[in-house]
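Written below as structure tokens is the structure these notes are about.
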Amino acid sequence: MKIGIIGAGLSGLTAGRILARAGHDIVVFEKSRGYGGRMATRRIDSKSPASMDHGAPYLTGSADEFLVLLAELEENGLVTLWTDRFSHFTDDRILPEMPGREPGKYYAAPHGMNAIGKYLGRSLDIHFTEKVGGITHIGGSGPKKSPWMINSASINVFEADAVIIATPAIQAYGLISTAQDEFDLRKMITVLDDVSYSSVVSLMAGYGERNPVEWKAIHCDHPHISWICNETSKRDFSGDMNLVIHSTDQFAKEKIGTDDLSGTGSQLLRDASKILGPWAARPEWHQSHFWRYHIPRKSLDIPYLESENELAPIALIGDYFQGRSMEAAYMSGLRLGTDWAKKFS
Ligand SMILES: Cc1cc2nc3c(=O)[nH]c(=O)nc-3n(C[C@H](O)[C@H](O)[C@H](O)COP(=O)(O)OP(=O)(O)OC[C@H]3O[C@@H](n4cnc5c(N)ncnc54)[C@H](O)[C@@H]3O)c2cc1C
């Protein structure tokens, strides 16, 4: 079966990998230039080049299947155990750990989080910078005819026997709405109305050669900053100190649409200096990225959503199914991939 997958994030690549192994012909459409979606890493070409995880900073989880993935990634050198706890900034102090929180197992990616996407998608046919603008149901129950047309914004058209939409819920809603005449699809997406996301500004900052700090990352009780990550504790930057700072949802929502990412970054640096000390306000360089879709506020209590029309299979997967995390994204892709591999064998 020819299956078109929209989105090369963790959920889409996971489903694609399983279905390709089951013998299906998979084509992935990805609007950005790289693998991994929100498991993102940016290469900074400064005086001392650096790769910074400006999306999700680490992996953790408890489902057996997710632990199998972590073991596979560890065996291939793509993740290493990073820490069992994070520091906590509260009442103007940095505590070594969050009171009341049990130690966990947090894995960092020494080659960057996007290397995980690259690994999962290595045998898939992925079309990068190919934004899908819509999908059309063209019927086609004849032996040679595919029921779906995937329309990319660059006017390429791709025929598929089945479609998997592996994007955040709001983008999935937009894509499905383009196949307007489908009563079954309209019914399917009404459940997406409930899903919304927090937003975040992710600030990357490089401080050059500096004495290392002793913490790995800090959860912050602060009106503008939610998290500060010591990237240098994840991989070797030859003595340079690099941080990634995440804003709060409230701060990101206030800044949305201002188009002043540099000013927004400077403000976060001033805020960070109140937490870390005056040095934090003076990096050698900084860059910011605005994520409209950070983490779902609420998830749906099913592993994926699929149409009831078996002649034109279409399904939605992602982190908004049974969880609100990378683990949820993986499990959603895994469940759909496994079920479809059986159903369409
Ligand atoms: C800053 C940040 C911090 C985070 N921290 C954590 C954390 O600590 N713990 C945790 O568990 N999770 C965290 N997350 C969330 C985690 O990254 C996501 O839950 C997970 O990666 C989602 O995977 P996904 O496959 O569902 O979606 P995504 O990774 O969003 O993948 C969707 C893909 O679809 C593509 N796409 C969208 N629309 C189209 C279109 N029309 N055409 C083609 N392609 C399209 C996108 O470009 C993207 O690559 C964080 C996310 C961010 C941004």
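Every heavy atom of this structure was used, including side-chain atoms; hydrogens, water molecules and symmetry mates were not. Order of listing sets the numbers, starting from 1, for every ligand and every atom in it.
A side-chain contact (heavy atoms from CB on, under 4.5 Å) with Ile176 holds for exactly one of Leu192, Leu305, Ile165; it is Ile165.
The existence of a salt bridge linking Arg297 and Asp249 is confirmed by a sub-4.0 Å separation between a basic side-chain nitrogen and an acidic carboxylate oxygen. Asp319 and Arg324 are not joined by a salt bridge, as no carboxylate oxygen comes within less than 4.0 angstrom of a charged side-chain nitrogen.
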I'd like a table of the close N/O pairs between ligand 1 and the protein (anything under 3.5 Å), one pair per line with both atom names and the distance.
| unit_1 | atom_1 | unit_2 | atom_2 | d |
| --- | --- | --- | --- | --- |
| ligand 1 | 11 (O) | Met326 | N | 2.9 |
| ligand 1 | 19 (O) | Asp319 | OD2 | 2.7 |
| ligand 1 | 25 (O) | Leu10 | N | 3.2 |
| ligand 1 | 25 (O) | Ser11 | N | 2.9 |
| ligand 1 | 25 (O) | Ser11 | OG | 2.8 |
| ligand 1 | 26 (O) | Asp319 | N | 3.1 |
| ligand 1 | 27 (O) | Arg38 | NH2 | 3.2 |
| ligand 1 | 29 (O) | Arg38 | N | 2.8 |
| ligand 1 | 30 (O) | Arg38 | NE | 2.7 |
| ligand 1 | 30 (O) | Arg38 | NH2 | 3.2 |
| ligand 1 | 41 (N) | Val132 | O | 3.0 |
| ligand 1 | 42 (N) | Val132 | N | 2.9 |
| ligand 1 | 44 (N) | Lys31 | N | 3.1 |
| ligand 1 | 47 (O) | Glu30 | OE2 | 2.7 |
| ligand 1 | 49 (O) | Glu30 | OE1 | 2.7 |
| ligand 1 | 49 (O) | Glu30 | OE2 | 3.1 |

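Nearest heavy atoms, Leu269 versus Ala205: CD2-CB, 4.2 Å.
The shortest distance between side-chain heavy atoms of Pro296 and Tyr197 falls below 4.5 Å.
Both Leu243 and Val201 are assigned to one and the same hydrophobic cluster, defined by single-linkage of ILVMFWY side chains at heavy-atom distances under 4.5 Å.
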